Every structure is written in structure tokens, then in C-alpha cells.
Undergrad: 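Dumping the structure here so I can ask a few things about it.
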Amino acid sequence: MFETLSDRLDKVFSGLRGKGRLTEADIDATAREIRIALLEADVALPVVRTFIAAVKERARGAEVSQALNPAQQVIKIVNEELVEILGGETRRLRYAKQSPTVIMLAGLQGAGKTTLAGKLGRWLKAQGHTPLLVAADLQRPNAVNQLSIVAGQAGVDVYAPEPGNGVGDPIRVAADSIEHARRTMHDVVVVDTAGRLGIDAELMAQAAGIRDVVQPDETLFVVDAMIGQDAVTTAEAFRDGVGFSGVVLTKLDGDARGGAALSVRYVTGQPIMFASTGEKLTDFDVFHPERMASRILG
Ligand code: GDP
């Protein structure tokens, strides 16, 4: 996803190689080039501004170092600021003190929520949990079926309305699922919710209704990293309409420019917690800001 950005940054840094010391003009020119590279990668403007200001300030204040030449020093600063913009520390899932832990998934249709439910189910099971996937997406005719399929692949249980009864009330299904999980000793409930192609008031109200009855320990906003700048507006709409405690970036395997991935944490103030990198259930991992930064810097 970050090939173009990586190439651009690499060129910026090569321009600094061989320099004995960085002048003010070098720092300005480098900052300008990094700015262009980030904007071309579709990173949101406020994020770019903050990033560049931080890099410039630190580059100016950098001590002349025995160990690092100026190019290495700038790479180090850019790396550290990338980690910062991506959230700093890895943010782990918070489990409820009393089972079940409830994780609600929210996002646009096609973002990858149902696939993510399967991935999370598989991942939770591998961590020793007994997850229950809940089909509270009753909007899309095939969603219940699709969730049952991924649950089967993940080897975890699913809670869904009976076939033929798929037009039921998702809020009711979600509420009942928690009771069901308690009775059946599932310790983590993953609630898949309906998404629409665009943001709409009804979708937000339904998601907020589900949130109110299940009282999630984590609400994960699932966003397709391929949608570029739209990711930011979508994230803001979900933050205001439903609220969320973490972000899952999907389709990081795509060839989009990756700016969404770099913007969403800063814009929403919520950490990126997981990343999806393909259609298979194994294409999934905890999000590590420092690994992502290293990947961008090549
Ligand atoms: P939902 O509408 O949010 O539930 O989205 P789905 O889970 O149905 O996913 C929509 C499409 O995106 C499906 O074809 C998935 O296989 C695909 N998909 C989901 N996650 C990823 C990912 O990380 N990478 C790629 N390449 N495709 C994905």
C-alpha cells in the first residue's frame, strides 16, 4: 500500500546523504518534500501540518551526533513522528472484568466487518477465548449466511436469527445474544452490525440502538483503507453518531495510496487496533505503529 510514499521518502533522504551538517535551508527543503510526499499519499491536511511542524522543530533542535549522519538523523525523526501519528504504543483489546466481553463492529457496507468478525473469532480462539459471533446485520440478505460461513471457517459459534426470519429486529437479536452468551459460557461476543453504502441517519440510529443494549466494552470502527480521504469523513460521522474506542484498518493489501491509514488515528483520536491485509481469515493482526512506520520507511 505504501510503495509510492516509501519511494518518495527514500528519494528525499538520499538527497541528504553525504551532507556533513544540515543547514536551515536543508531542513526547509526536506520538510517541503516530505509534505508533498504525504499529500500525494492522500494524508489529511491537518495531519500533514502537524507532522511537518514536529519534524522541522526536531530537526532544528537535533544535536550534532557522532553516531548518526544528518540523513540518518532525519530518518530517525521521521520514523519516530510516524510512530507517534500512528498512535505510539500498540493498544491491546480491553476485556470486561465480568464475562462476556462485548465487541461491536461498525462501519460502512463493504468495509470488511463480516470478514473481520471471522478473523477476530479465529484470533480470539487462538488466544484461548470462546467467542460468539452475532449476526446483527439483518439488512443485507446474505449477511447472516456469510457470518455463519466465516464462523465455520474460524471454528467458532454463531448466534443468528433462524433462517427465513432474517428480517427481524437487529437490536433485539443483539440484546438476546448477550443473554445467550452468558448461558452458553462464551466469554467474548463479537456483534456484526449493518452498514450502508453511504452514511445515513437510520444506519447510525440502528448502530446506536445496538450499542445501547449491548453496552460494548469495545466498539471497533472498521474502515477500508482504500477509500482514501473519505475514510476521514466516514470516521468523523461514526465517531459522532455511534462513538468508537478503536479502529480496524482493512484492505491494507490494496494498492491505494495509504493516506487514510495515516490520518485516521490523528483525526479521530482513537487508536488503530487491528489491521486486515487480505480476504483470508489469517490475513489479520494486531496493529503495531512501529512496524507500520518501518514498513513505510522501507
Ligand atoms: P461488510 O459489508 O463490512 O461486512 O464487508 P465484508 O466483510 O462482506 O467484506 C467486503 C469485501 O471485502 C469481501 O469481498 C471481503 O472478502 C473483502 N475484504 C475484507 N477484508 C479484506 C482485506 O483486508 N483485504 C482484501 N483484499 N479484501 C478484504
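Predicted model only: the values in this text are computed from it and were never measured. Throughout, residue positions are numbered sequentially from 1 according to the sequence presented. Atoms considered below: every heavy atom in the structure, side chains included; atoms not considered: hydrogens, waters and symmetry mates. For ligands, and for the atoms within them, numbers begin at 1 and follow the listed sequence.
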Undergrad: Answer yes or no: does an N/O atom from Ala111 fall short of 3.5 Å to an N/O atom of ligand 1?
TA: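 Yes.
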
Undergrad: Do Asp192 and Thr114 pass the side-chain hydrogen bond (donor to acceptor under 3.5 Å, both in side chains) test, and can you show the C-alpha distance, the side-chain angles, and the key distance before you say yes or no?
TA: CA-CA 6 Å; Asp192 187 20; Thr114 306; 2.8 Å; yes

Undergrad: Consider ligand 1: state whether an atom of it lies below 4.0 angstrom from any non-hydrogen atom of Gly107.
TA: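 Gly107 does not count as a contact of ligand 1 under the 4.0 Å cut-off.
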
Undergrad: Would Asp28 and Arg32 pass as an ion pair if we require N to O under 4.0 Å?
TA: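 No, this pair does not count.
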
Undergrad: Any nitrogen or oxygen of Glu279 lying under 3.5 Å from a nitrogen or oxygen in ligand 1? Just yes or no.
TA: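 Looking only at distances, the answer is yes, because the N/O contact criterion of under 3.5 Å is met.
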
Undergrad: For Glu57, I'd like to know if atom CD has over 12 heavy atoms of other residues, nucleotides or ligands within 6.0 Å.
TA: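 No - once you tally the heavy atoms of other residues, nucleotides and ligands closer than 6.0 Å, there are 12 at most.
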
Undergrad: Heavy-atom contact under 4.0 Å between Asp283 and ligand 1?
TA: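 Under 4.0 Å: no for Asp283.
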
Undergrad: Within the 4.5 Å heavy-atom criterion, are Lys251 and Ser276 side-chain neighbours or not?
TA: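 A side-chain contact under 4.5 Å is absent here.
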
Undergrad: Who's the nearest protein heavy-atom neighbour of atom 18 (N) of ligand 1, and how far?
TA: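 Looking only at protein heavy atoms, the one closest to atom 18 (N) of ligand 1 is Lys251 CE, 3.9 Å.
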
Undergrad: Can you tell which of Gly278, Gly112, Ala117, Ala194 gets a heavy atom nearest to atom 21 (C) of ligand 1?
TA: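 The option holding the nearest heavy atom is Gly278.
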
Undergrad: Just to be sure I'm reading this right: ignoring hydrogens, which of Leu105, Asp137, Asp253 gets closest to atom 25 (C) of ligand 1? Compare them by their nearest heavy atoms.
TA: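 That would be Asp253.
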
Undergrad: Does the gap between the ring centers of His129 and Tyr95 come in under 6.0 Å?
TA: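 Yes, the ring of His129 comes within the 6.0 Å limit of the ring of Tyr95, centre to centre.
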
Undergrad: Should Met104 and Val242 count as side-chain neighbours, where that means a heavy-atom distance under 4.5 Å?
TA: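 Answer yes - side chains close enough.
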
Undergrad: Considering only heavy atoms, does Lys119 approach ligand 1 within less than 4.0 Å through its side chain, its backbone, both, or neither?
TA: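 Side chain only; the backbone of Lys119 stays clear of ligand 1.
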
Undergrad: Which of the numbered atoms in ligand 1 are under 4.0 angstrom from any heavy atom belonging to Ser276?
TA: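 Near Ser276, the atoms of ligand 1 are 23 (O).
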
Undergrad: When you compare the side chain of Leu220 with that of Lys113, does any pair of heavy atoms fall below 4.5 Å?
TA: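 Lys113 vs Leu220: side chains apart.
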
Undergrad: Can you tell if the side chain of Val247 reaches within under 4.5 Å of the side chain of Arg265, non-hydrogen atoms only?
TA: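 No - every pair of side-chain heavy atoms lies 4.5 Å or more apart.
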
Undergrad: May I ask you to identify, for Thr115, whether its side chain, its backbone, both or neither come under 4.0 Å of ligand 1 on a heavy-atom basis?
TA: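 Both parts.
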
Undergrad: Is any N or O atom of Gln109, backbone or side chain, closer than 3.5 Å to an N or O atom of ligand 1?
TA: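 Gln109 vs ligand 1: no N/O contact under 3.5 Å.
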
Undergrad: Which of parallel (below 30°), tilted (30 to 60°) and perpendicular (above 60°) describes Trp123 and Phe284?
TA: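 Judged by the thresholds at 30° and 60°, the geometry between Trp123 and Phe284 is perpendicular.
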
Undergrad: Measuring from non-hydrogen atoms of Gly195 to any atom of ligand 1, is the shortest distance under 4.0 Å?
TA: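 No; Gly195 lies far enough from ligand 1 that no heavy-atom distance drops under 4.0 Å.
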
Undergrad: Any idea which protein heavy atom is nearest atom 10 (C) of ligand 1, and the distance to it?
TA: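 Going by distance alone, atom 10 (C) of ligand 1 is nearest to Gly110 O, 3.7 Å.
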
Undergrad: If two hydrophobic side chains count as joined below 4.5 Å and joins carry through other members, does Val286 share a cluster with Phe221?
TA: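 No, because Val286 and Phe221 fall into different hydrophobic clusters, even though each may have its own neighbours under 4.5 Å.
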
Undergrad: Considering the heavy atoms of Lys113, write down every atom of ligand 1 situated less than 4.0 Å from one of them.
TA: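 What qualifies from ligand 1 is 1 (P), 3 (O), 4 (O), 5 (O), 7 (O).
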
Undergrad: Please state whether Leu108 comes within less than 4.0 angstrom of ligand 1, counting heavy atoms only.
TA: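 Checking ligand 1 against Leu108, which is what was asked, there is a heavy-atom contact under 4.0 Å.
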
Undergrad: Which of the atoms of ligand 1 are close to Gln146, meaning less than 4.0 Å from one of its heavy atoms?
TA: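 Numbered from 1, ligand 1 contributes 6 (P), 7 (O), 8 (O).
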
Undergrad: Quick check: does any side chain N or O of Ser6 sit under 3.5 Å from a backbone N or O of Leu297, one acting as donor and the other as acceptor?
TA: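 No, because the side chain of Ser6 does not come within donor-acceptor range (under 3.5 Å) of the backbone of Leu297.
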
Undergrad: Judging by distance only, is a nitrogen or oxygen of Leu252 under 3.5 angstrom from one on ligand 1?
TA: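 No; the residue has no nitrogen or oxygen that sits under 3.5 Å from a nitrogen or oxygen of the ligand.
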
